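Please see the structure below; I have some questions.
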Number of protein chains: 2
Amino acid sequence: MTDETGNNDGLCCPPDCCDMRGFLTFQILWELGKEALTGQQIAEKIAERRGTKPTPGTIYPALGNLREEGYIKGDQDGREIFYRLTESGEEARSESARYFYQAFRDIIEECRVLVVQDGECNRC
Amino acid sequence: MTDETGNNDGLCCPPDCCDMRGFLTFQILWELGKEALTGQQIAEKIAERRGTKPTPGTIYPALGNLREEGYIKGDQDGREIFYRLTESGEEARSESARYFYQAFRDIIEECRVLVVQDGECNRC
DNA sequence: CCCAATATATTGGGCATCCAATATTTATAA
DNA sequence: TTATAAATATTGGATGCCCAATATATTGGG
């Protein structure tokens, strides 16, 4: 579903107007809470939401930090490494998800209303 | 509703497990889309969601950048400056809000389910 | 008037997140 | 076998977010 540049067809890219970085580590924990994934698979999952696929220089250091902190473990299979949450990773996912919900629930709900009015965001 | 440390009673502070920074500029645009606010009022609005109040070194440079880029204008009233969105600021708010919705709508919805199961986040 | 509180503002440091570029190893295809 | 592609990894540079500390100007109370 991604084109030759790694961007996701039919989705919007981050706007020029303001910075939309952040919550990468949280998003990794979130995806790994559903199933074990490789670094590339995680990047593709993120691309499905953000419209742009994180580059290796973004995704692998983040995975390395999560591993060092004991939140994830990797099972190597050939050239691939399938990452899964540890027990403390599960706890971290729950904590950060509940915080994220507190911080952005209202905003997202109001964004939904705006999308109904103005339509979805412009394509890449 | 904030205590002597500037934190918000009854809300959760950012978790230790992973970084929860980001989207400050978007959140400022979002709040100013509803009404004109001073820097302090914006910081308090953000504290109502994040549990922690941004310090002057965080909020004022962000406002300065938004002003330089022409997204907001300030009307001084004594020692206070009431900021409001410009026309391009309204457009930036809509664009970034629709992008934010695309990027996080599913995650927030699933977080809601998690909150119902595990309860809300732990207090500050 | 004088002092404390408030609002704005700046500086310096730390850190996560981004990218482009490069490299290494493994798997696949020719 | 050999060449290509894929997955992981690292480096360097840029930028936004975040705080603590400090400073200035204005407001309000005693």
Side-chain angles (χ1 to χ4, degrees), chain A residues 2 4-7 13-29 36-47 49-69 71-72 74-83 92 96 103, chain B residues 2 4-7 13-29 36-47 49-69 71-72 74-83 96 99 103:
Chain A
T2 54
E4 64 286 344
T5 68
N7 293 334
C13 286
D16 297 328
C17 58
C18 59
D19 193 89
M20 285 288 171
R21 291 179 300 175
F23 298 101
L24 176 68
T25 298
F26 165 61
Q27 203 161 351
I28 293 174
L29 289 178
L37 295 168
T38 68
Q40 278 304 312
Q41 289 172 330
I42 292 169
E44 284 159 14
K45 292 277 186 186
I46 290 172
R49 307 189 187 286
R50 301 199 183 187
T52 57
K53 184 178 173 180
T55 57
T58 298
I59 202 77
Y60 291 114
L63 287 169
N65 291 336
L66 281 169
R67 173 193 261 166
E68 280 177 13
E69 291 156 2
Y71 294 131
I72 65 176
D75 304 305
Q76 188 128 19
D77 178 23
R79 66 183 161 186
E80 293 179 321
I81 301 177
F82 284 86
Y83 287 102
S96 51
Chain B
T2 54
E4 65 284 345
T5 69
N7 292 335
C13 285
D16 297 328
C17 58
C18 60
D19 193 89
M20 286 290 171
R21 291 177 299 176
F23 298 102
L24 175 68
T25 298
F26 164 61
Q27 203 161 350
I28 293 174
L29 287 178
L37 295 167
T38 69
Q40 279 304 310
Q41 288 172 329
I42 291 169
E44 284 158 16
K45 292 276 186 187
I46 290 173
R49 306 189 188 284
R50 301 200 185 186
T52 55
K53 183 177 173 181
T55 57
T58 298
I59 204 76
Y60 291 113
L63 287 169
N65 291 336
L66 281 168
R67 172 193 261 165
E68 279 177 13
E69 291 155 4
Y71 294 131
I72 64 175
D75 304 305
Q76 187 129 20
D77 178 21
R79 66 183 162 188
E80 293 178 321
I81 302 176
F82 283 86
Y83 286 101
S96 51
Y99 177 77

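Here is the naming used below: chain letters follow the sequence lines, and residue numbers restart at 1 for every chain. When reading the values below, keep in mind they use all heavy atoms of this one structure, side chains included, and skip hydrogens, waters and symmetry mates. Fair warning: this is a prediction, and the values are worked out from it, not measured in the lab.
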Check your understanding: How far does CZ of R50(A) sit from CZ of F23(A), to the nearest 0.5 angstrom?
Key ->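 CZ of F23(A) is found 9.5 Å from CZ of R50(A).
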Check your understanding: Can you find a side chain N or O atom of T52(B) that sits less than 4.0 Å from OP1 or OP2 on dC18(D)?
Key ->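 False: T52(B) side-chain N/O out of range (4.0 Å or more) of dC18(D) OP1/OP2.
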**Study point:** Distance-only polar pair, side chains of K53(B) and Q40(B), donor-acceptor under 3.5 Å
**Key:**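 A donor-acceptor contact under 3.5 Å links the two side chains.
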Exercise for review: Indicate, yes or no, whether a donor-acceptor pair under 3.5 Å links the base of dT6(C) to the side chain of R79(B).
Suggested key: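 By the distance-only test, yes, there is a pair.
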Practice item. Look at the side chain of T58(B) and decide which nucleotide, out of dT17(C), dC18(D), dA9(C), has an atom nearest to it. Key: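 The answer is dC18(D).
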Review point. Does T55(B) have a side-chain nitrogen or oxygen under 4.0 Å from the phosphate oxygens OP1 or OP2 of dA20(D)?
Key: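 T55(B) to dA20(D) OP1/OP2: no side-chain N or O under 4.0 Å.
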Check your understanding: What nucleic acid atoms does G39(A) come within less than 4.0 Å of, heavy atoms only: base, sugar-phosphate, or nothing?
Key ->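 Here G39(A) touches the backbone only, sparing every base.
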Review point. Does any N or O donor sit under 3.5 Å from an N or O acceptor when you compare the side chain of R21(B) with the base of dC15(C)?
Key: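 A donor-acceptor contact between them is present.
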Review point. When all nucleic acid strands are considered with a 4.0 Å heavy-atom cut-off, which category describes E80(B): base, sugar-phosphate, or nothing?
Key: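 It contacts sugar-phosphate atoms only.
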Practice item. Provide the Watson-Crick or G-U wobble partner of dG30(D), both distances under 3.5 Å; none if there is no partner. Key: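 Pairing partner, where one exists within any strand: dC1(C).
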Point to revise | Selected nucleotide, minimal atom distance to T38(B) side chain, candidates dA16(C), dA9(D), dT8(C) | key: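 Between dA16(C), dA9(D), dT8(C), the one nearest the side chain of T38(B) would be dT8(C).
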Exercise for review: Say whether, by atom type as modelled, one donor and one acceptor occur between the side chain of Q76(A) and the main chain of G78(A) under 3.5 angstrom.
Suggested key: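 Yes, because the side chain of Q76(A) sits within donor-acceptor range (under 3.5 Å) of the backbone of G78(A).
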Check your understanding: Taking the side chain from T58(A) and the backbone from P54(A), do they hold a donor-acceptor pair closer than 3.5 Å?
Key ->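 No.
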Practice item. For F82(A), report the nucleic acid contact type (base, sugar-phosphate, nothing); a contact means any heavy atom under 4.0 Å. Key: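 Nothing: the residue F82(A), judged by heavy atoms under 4.0 Å, touches no strand.
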Check your understanding: Toward the 5' end of DNA chain C, which comes first, N65(A) or G78(A), by nearest nucleotide?
Key ->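 Nearest nucleotide further toward 5': that of N65(A).
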Check your understanding: Looking across every strand, which nucleic acid part, if any, lies under 4.0 Å from L63(A) by heavy atom: base, sugar-phosphate, or nothing?
Key ->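 No contact at all - L63(A) keeps every heavy atom at 4.0 Å or more from the nucleic acid.
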Exercise for review: Consider the side chain of T25(A), meaning its heavy atoms from C-beta on, and name the nucleotide among dT17(C), dT10(C), dG16(D) that approaches it most closely.
Suggested key: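 From the listed options, dT17(C) comes nearest.
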